[in-house]
Amino acid sequence: MNMNSTNSTWSLVSRFLLALLLVGMMPGCFVNGQCQSNEDCQGAEVCQNGSCRLECRDDADCADDQQCQESLCIFSEGCMGCPYPDAPNGVGQCLHGVCSIVSCDDGYYNADGVAGNGCECQKTENGEELCDGVDNNCDGLTDEGCSCTPTNGGVEICDGVDNDCDHKVDEDLTCCPDDMVQISTGSSAFCMDIYEASRPDANEDNPGTQSGAAQSVPGVRPWVNLPQADAQTACELAGKRLCNPGEWFAACTGPNQSAYCYGDDYEAATCNGIDTFCPEPAYGCGLDLLHNQNSAVFHVTPTASFPDCTNAFGILDINGNIWEWDSSPEGHARGGAYNCSDSKKLHRCDYIRRDGNQAINNVGFRCCR
C-alpha cells in the first residue's frame, strides 16, 4: 500500500469521526436511545428521564383548563367549580387556572365580579337606583345615596340585606337556598342540591309524572329516565343548572378528597348499591325477586334513606341509588346506582359512565347554581 492511499484512508476516517462528533453536539442528540436535553425534542416536547414527552413549556402549550407545571400539563384546580360553559345567565370560561365570565345574557350583568355565580344581576326599574334593597342598575352597589342602618352588628350574612351599610348585599358570600348547600373548593364556591332531583308530584312510593322544576326534597322517589337535556331544563326551571364535572367531583370527594363521599374504603351498607340489601346479588338473594316481590333485594330508595351516605358538605346519596347527569356535552353520568354490577368500582367518585345523553332508566340528576 502506498503512502498516498494510506493518508487518503485516514483522511476519510477522520472526517467520519469528526462528523459523528459534530452530530453529537447538535440538537437531536440521542445516546443509547435517550434524549439529553429539551433541544433534542420537537415542538412542545420536553426531555424527561431520557424521553421526549409532548407536554409544555408554558400554559399556552396546555388545554384551556390546564396549567403548565414542571413541564407537565395538569388540571387547573383553580377552575374547579368554574361554571363553564353553562354559567347562570351567561357563559363562563376556565383559562389556565383563572375562572372568568366571557359574556352575559341580555339584561344580565356580572355585577359582583364573581365567576362562580355567573351573571347574577338583572337590571330593574329601567336601571334607575331606588331605595329598595336591590342593585337596580347592576353596578355592584345597592341603594347608593340612600340612608342605611347597620344590622346584625354590621356583619354581612346571607339574608339579602346590606348589613354593614357599604351598599353591597351578601358580598363575598355564597348564599344558598334551604334545599342546597355550599360546596367550597378552596378557590371557589357554589351551591348544590342536598338531595337527588325529584318530580313536583313525587312521593315516597311513586316518582310521579309531572314535568317542571326539579325539586330537592327528602323522602321521595328520585326522577329518572330522562335525557340529559331535559334534566338541564328541569334545573333551569328551578333557577339552577346541571352541575358541571368539576363541581360534581368536588362535592363527591368532599373536603378530604376521598374515593367515595364517605371515605376511601368501600362500604356496602353506607350508600344504596347492588350489595346493600343482598350480599350475593348474582345469585341467591338476587334471584328472590322472581319469586317474592317483598324480599329485600336491591331497589331504588327514596331520597335521604341513607343518612350516612354523605360527607362534611352535607349532600346526600351522591354515591349509589341512581346515576346522576353532569353537564358534560359527551353525556356523563356519575356516582353509580342501586343496581350496578360492581358497586365498589362504579360508585367511586372518579368513575364516569359514558353511554351518551339519552334517557336511561337508572339515571337521574341533581342541580347546582
Side-chain angles (χ1 to χ4, degrees), residues 176-183 190-228 230-243 247-254 260-262 267-278 296-327 333-340 343 346-347 349 353 359-369:
C176 302
D178 293 341
D179 61 349
M180 307 184 86
V181 293
Q182 177 179 311
I183 309 295
F190 58 94
C191 300
M192 174 179 270
D193 281 351
I194 300 172
Y195 311 104
E196 293 167 327
S198 55
R199 292 179 182 270
D201 61 339
N203 58 42
E204 182 178 0
D205 301 313
N206 196 306
T209 58
Q210 293 180 5
S211 296
Q215 310 294 302
S216 173
V217 295
V220 300
R221 299 279 176 170
W223 191 346
V224 295
N225 204 27
L226 76 169
Q228 182 191 41
D230 289 356
Q232 173 67 20
T233 298
C235 286
E236 290 174 351
L237 290 172
K240 306 172 184 177
R241 56 182 169 77
L242 277 182
C243 307
E247 289 172 335
W248 194 97
F249 182 75
C252 184
T253 56
Y260 306 93
C261 67
Y262 50 81
E267 301 171 3
T270 300
C271 297
N272 185 17
I274 196 170
D275 49 359
T276 300
F277 302 103
C278 177
V297 294
F298 49 90
H299 57 277
V300 67
T301 57
T303 54
S305 295
F306 290 79
D308 293 330
C309 186
T310 187
N311 56 35
F313 287 144
I315 41 88
L316 286 164
D317 300 322
I318 199 166
N319 295 127
N321 210 33
I322 59 171
W323 293 92
E324 300 177 10
W325 291 122
D326 67 22
S327 66
R334 317 288 291 266
Y338 69 95
N339 58 351
C340 290
S343 292
L346 305 185
H347 281 202
C349 296
R353 177 175 178 168
I360 305 174
N361 61 11
N362 64 351
V363 177
F365 64 105
R366 76 177 68 218
C367 307
C368 287
R369 56 173 271 188

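Note that the structure is predicted; figures quoted are calculated from it, not measured.
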Quiz item: Between Asp201 and Thr209, is there a donor-acceptor pair closer than 3.5 Å when you use the side chain of the first and the backbone of the second?
Solution: yes

Quiz item: Do you know which two heavy atoms are closest between Cys349 and Trp248, and how far apart they sit?
Solution: O-CZ3, 3.6 Å

Quiz item: What class does the angle between the rings of Phe277 and His299 fall in, given that below 30° is parallel, 30 to 60° is tilted and above 60° is perpendicular?
Solution: parallel

Quiz item: SG of Cys252 to CD1 of Ile315: how many Å apart, nearest 0.5 Å?
Solution: 6.5 Å

Exercise. Evaluate side chain to side chain contact (heavy atoms under 4.5 Å, CB included) for Trp323 paired with Cys340, printing each intermediate quantity in order.
Key: CA-CA 9 Å; Trp323 293 92; Cys340 290; 3.7 Å; yes

Quiz item: About how many Å separate CG of Asn272 and CZ of Phe306, when rounded to the nearest 0.5 Å?
Solution: 4.0 Å

Quiz prompt | Polar side-chain atom of Thr276 near backbone of Cys271 as donor-acceptor pair, under 3.5 Å | solution = yes

Quiz item: Arg366 side chain to Leu316 main-chain N or O, any donor-acceptor pair under 3.5 Å?
Solution: yes

Quiz item: Minimum heavy-atom separation for Leu242 to Asp326, with atom names?
Solution: CD1-O, 3.7 Å

Practice problem: Using atom types as modelled and distance alone, determine if a side-chain donor or acceptor of Asp317 lies under 3.5 Å from a backbone N or O of Ala304. | Solution: yes

Self-check item: Separation between CG of Asn321 and OG of Ser305, rounded to the nearest 0.5 Å
Solution: 7.0 Å

Practice problem: Could you tell me whether a side-chain N or O of Arg199 sits under 3.5 Å from a main-chain N or O of Gln210, the two making a donor and an acceptor? | Solution: yes

Exercise. Scan residues 212-228 for pairs that pass side-chain hydrogen bond (donor to acceptor under 3.5 Å, both in side chains), counting only residues two or more places apart or in two chains.
Key: none

Quiz item: Which pair of non-hydrogen atoms, one from Phe313 and one from Ala250, has the smallest distance, and what is that distance?
Solution: CE1-O, 3.6 Å

Exercise. Take Tyr195 and Asp179 through the test side chain to side chain contact (heavy atoms under 4.5 Å, CB included) and record every step on the way to the result.
Key: CA-CA 8 Å; Tyr195 311 104; Asp179 61 349; 5.7 Å; no

Practice problem: Say whether, by atom type as modelled, one donor and one acceptor occur between the side chain of Thr303 and the main chain of Pro222 under 3.5 angstrom. | Solution: no

Exercise. State, to 0.1 Å, how close Val220 and Ala202 come at their nearest heavy-atom pair, and which atoms those are.
Key: CG1-O, 3.7 Å

Exercise. Please lay out, stage by stage, how Gln232 and Trp325 fare under the test side chain to side chain contact (heavy atoms under 4.5 Å, CB included).
Key: CA-CA 9 Å; Gln232 173 67 20; Trp325 291 122; over 6 Å; no

Quiz prompt | Separation of Tyr262 OH from His347 NE2 (nearest 0.5 Å) | solution = 8.0 Å

Quiz prompt | Test: Cys367-Cys243 SG spacing under 2.5 Å | solution = no

Practice problem: Could you tell me the separation between the CG atom of Asp230 and the OG atom of Ser211, rounded to the nearest 0.5 Å? | Solution: 7.5 Å

Practice problem: Would you give the length of the straight line joining atom CD of Glu324 to atom CD of Glu196, rounded to the nearest 0.5 angstrom? | Solution: 5.0 Å

Exercise. Please confirm whether the backbone N or O of Gly219 pairs with a side-chain atom of Glu204, one donor and one acceptor, at under 3.5 Å?
Key: no

Practice problem: Could you tell me which non-hydrogen atom of Asn362 sits nearest to which non-hydrogen atom of Val224, and how far apart they are? | Solution: C-CG1, 4.4 Å

Exercise. Mark yes or no for whether Ser343, through its side chain, and Ile274, through its backbone, hold a donor-acceptor pair below 3.5 Å.
Key: yes

